[in-house]
Student: 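Sharing a structure with you now.
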Amino acid sequence: MRHTFMPEILPHRDKEINNLASVLVPALRDETPSNIFIYGKTGTGKTAVTKFVGKELLNKGNKTGKKVNFIYINCEVVDTQYRLLQNIANHFIDEWSERIPFTGWPTDEVFVKLKNMIEKQGGVTVIILDEVDKLKGDEALYNLSRINSDLGNSKVSIIGISNDLKYTEFLDPRVKSSLGEENMIFPPYDASELQDILNQRIDIALKPGSIDEDVVPLCSALAAQEHGDARRALDLLRMSAELAERAKSLRITKKHVRLAQNKIEIDRIIEVVRTLPTQSKLILLAILLQEQHNKKIGSSGAITTGEVYEIYKELGKKARTDKLTQRRVADLISELDMLGIITARVISKGRYGRTRDIKISSSTEDIMKILHEDGVFKELSNYKIHGQMKLI
DNA sequence: AATCCACAGGAAGATTAGGATA
DNA sequence: TATCCTAATCTTCCTGTGGATT
């Protein structure tokens, strides 16, 4: 039930599969397929469709005796030009060629080596660059896109995948024109399409009758609200199943879905908090302390930027970290807001100014626990807000 | 209607981190 | 390895503002 699982059939993506296939088939006739750019939000099946078509292409190629190479690279993992070239080159490793070391060679030498390798292989090489927008610098793309002009008996075609529609706008125009020969946009799934996808997986993964009939529509509806993300729908369903199993219940019910949704959200927040930079953590801690303090004296939970900044300064002194200006802290606070850890909306208190009204948007204790994992916070753990807070 | 608080949030310049380049 | 570049971070200085109070 994981989204990485590749089913035999991809529901509701026939059109995309056919489109992509028709762009790539020239490979089987020894012609160069166009370079393609694929756009679409997360969980719209971009990766699944490309891998699927790639597999088909390999099969067809083997049957007809045509040489087709298919290289999949995720640019989030491989994000520099050097490592990208190295990765591609190492796909062609055989007993005659030497392996390219992961450091040491000048980039252009790797490039030349790669060209030779591709040339020796012959046939058509399709390179998939998943999440190209994560790739640093567009020189790598530029080099790759003009590789064809230096090749004789072999062809290279590049498929770029991105979930950022505006990605190409900031690209070198030369790269833009050569890579964007074909464009494809993957629309989000709607609720009923998501249902089909879920049902397909359920048939494989679950025993019949172990799920309430209103669970799938609920999962689909929730995921459809989030721009039709199939990955999210699957995660939700899987988490529901796990929770149901853990609770020793015989069937998956709506209750489990609600729990799962909650758990996914908390997991997300925990992950975000854990990877926050130190300054943001300090600010978050300041907010948490103020909230706890407010609760103790029983005042209404409104926290202002100024209060947070005061506590933040104190914390910074104790932890001996350098402190930021209030202007910067205000920006970091709105960042925390965007990440969904806190809600900070602007209110006006009339004569008493205009500020943000800051609230924690999930469990205080959970976040506190994560913050204490950070070494800097050890000595702050018993910090108390001393007096002088306005008691209304 | 005028005032004025306590910030919001824009602009521009300075600093810094890290990768690119020689 | 040294230095050059660029993007991100941060500061300084600033103007703007919703609405309770006067």
Side-chain angles (χ1 to χ4, degrees), chain A residues 73 75-87 100-114 129 131-146 162 164 166-175 272 275-284 286-287 290-291 294 299-317 319-339 341-359 374 376 388-392:
Chain A
I73 288 176
C75 298
E76 195 169 18
V77 190
V78 181
D79 61 351
T80 61
Q81 175 172 5
Y82 185 90
R83 287 200 290 145
L84 177 64
L85 294 177
Q86 187 220 353
N87 246 280
I100 300 211
F102 51 84
T103 181
W105 289 15
T107 310
D108 45 350
E109 198 177 328
V110 182
F111 195 65
V112 171
K113 209 87 183 173
L114 175 63
L129 301 176
E131 324 216 18
V132 251
D133 40 325
K134 300 284 161 50
L135 197 63
K136 293 184 181 125
D138 45 12
E139 200 173 312
L141 287 178
Y142 177 62
N143 285 334
L144 277 178
S145 65
R146 65 182 190 143
S162 162
D164 183 1
K166 287 180 295 204
Y167 173 61
T168 44
E169 281 180 24
F170 307 104
L171 229 47
D172 189 315
R174 294 170 300 183
V175 180
V272 170
T275 56
L276 235 39
T278 312
Q279 292 296 341
S280 300
K281 282 185 182 171
L282 271 177
I283 294 167
L284 185 55
I287 297 169
Q290 177 66 33
E291 165 130 321
N294 275 358
S299 80
S300 63
I303 306 172
T304 68
T305 308
E307 288 167 350
V308 172
Y309 188 62
E310 287 304 311
I311 302 169
Y312 163 80
K313 273 197 297 191
E314 286 293 311
L315 290 174
K317 215 188 289 166
R320 281 184 300 276
T321 54
D322 36 21
K323 59 177 191 293
L324 304 174
T325 49
Q326 180 158 349
R327 180 66 188 83
R328 181 69 186 136
V329 169
D331 275 349
L332 290 180
I333 288 176
S334 33
E335 227 166 79
L336 290 175
D337 178 43
M338 292 205 299
L339 289 170
I341 306 172
I342 61 175
T343 53
R345 74 204 157 81
V346 183
I347 54 158
S348 175
K349 295 193 292 180
R351 194 76 210 252
Y352 304 108
R354 227 157 81 88
T355 182
R356 282 210 184 86
D357 177 44
I358 303 167
K359 286 199 194 74
D374 194 306
V376 187
Q388 52 59 34
M389 305 270 74
K390 284 155 271 173
L391 301 172
I392 308 142

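To find a chain, count down the sequence lines: A is the first, B the second, and so on, and within it residues start at 1.
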Student: Checking A:Tyr312 against A:Gln279: is there a side-chain donor and acceptor pair closer than 3.5 Å?
Tutor: yes
Student: What distance do A:Glu307 atom CD and A:Ile358 atom CD1 have between them, rounded to the nearest 0.5 Å?
Tutor: 8.5 Å
Student: Compare the minimum distances between each of B:dG9, B:dC4, B:dC7 and the side chain of A:Thr355, then state the nucleotide with the smallest one.
Tutor: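 Among B:dG9, B:dC4, B:dC7, the one nearest the side chain of A:Thr355 is B:dC7.
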Student: Grab the OH-C1' distance between A:Tyr309 and B:dA6 for me, whole Å please.
Tutor: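 Distance check: A:Tyr309 OH to B:dA6 C1' gives 15 Å.
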Student: Can any side-chain N or O of A:Asp337 pair as donor or acceptor with the backbone N or O of A:Ala344 at less than 3.5 Å?
Tutor: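 Such a contact is found between A:Asp337 side chain and A:Ala344 backbone.
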Student: Please report the closest heavy-atom contact between A:Leu284 and A:Leu276, naming both atoms and the distance.
Tutor: CD2-CD2, 4.2 Å
Student: Quick one: how far along DNA chain C does chain A reach, first to last nucleotide 5' to 3', anything under 4.0 Å to a heavy atom?
Tutor: C:dT9 to C:dT22
Student: Report the distance from atom CG of A:Asp357 to atom C1' of B:dA6, rounded to the nearest whole Å.
Tutor: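 Computing the A:Asp357:CG to B:dA6:C1' distance gives 14 Å.
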Student: With rounding to the nearest 0.5 Å, note down the distance linking CG in A:Leu324 to CG in A:Leu332.
Tutor: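 If I round to the nearest 0.5 Å, the distance is 6.5 Å.
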Student: What is the distance, rounded to the nearest whole Å, between atom CD1 of A:Ile358 and atom C1' of B:dC7?
Tutor: 11 Å
Student: How close or far is atom C1' of B:dC7 from atom CD1 of A:Ile333, stated in whole angstroms?
Tutor: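 So the CD1-C1' distance, A:Ile333 to B:dC7, works out to 11 Å.
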Student: Looking only at N and O atoms, is any donor in the side chain of A:Arg327 or the base of B:dG10 less than 3.5 Å from an acceptor on the other one?
Tutor: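 Yes, a donor-acceptor pair under 3.5 Å.
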Student: Between B:dG9 and A:Arg356, is there an OP1 or OP2 to side-chain N/O distance shorter than 4.0 Å?
Tutor: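 Yes, within the criterion.
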Student: May I have the distance from A:Leu324 (atom CG) to B:dT16 (atom P), rounded to whole angstrom?
Tutor: 13 Å
Student: Rounded to the nearest angstrom, tell me the gap between atom CZ in A:Arg354 and atom C1' in B:dT3.
Tutor: 16 Å
Student: To the nearest 0.5 Å, what is the distance between CD1 on A:Ile283 and CD1 on A:Ile311?
Tutor: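 Here the interatomic distance stands at 12.0 Å.
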Student: What integer distance in Å separates A:Arg345:CZ from B:dC7:P?
Tutor: 16 Å
Student: Taking atom P of B:dG9 as reference, at what distance in whole Å does atom CE of A:Met338 sit?
Tutor: 11 Å
Student: May I ask you to verify if any side-chain N or O of A:Ser334 is less than 4.0 angstrom from the OP1 or OP2 atom of B:dG9?
Tutor: no
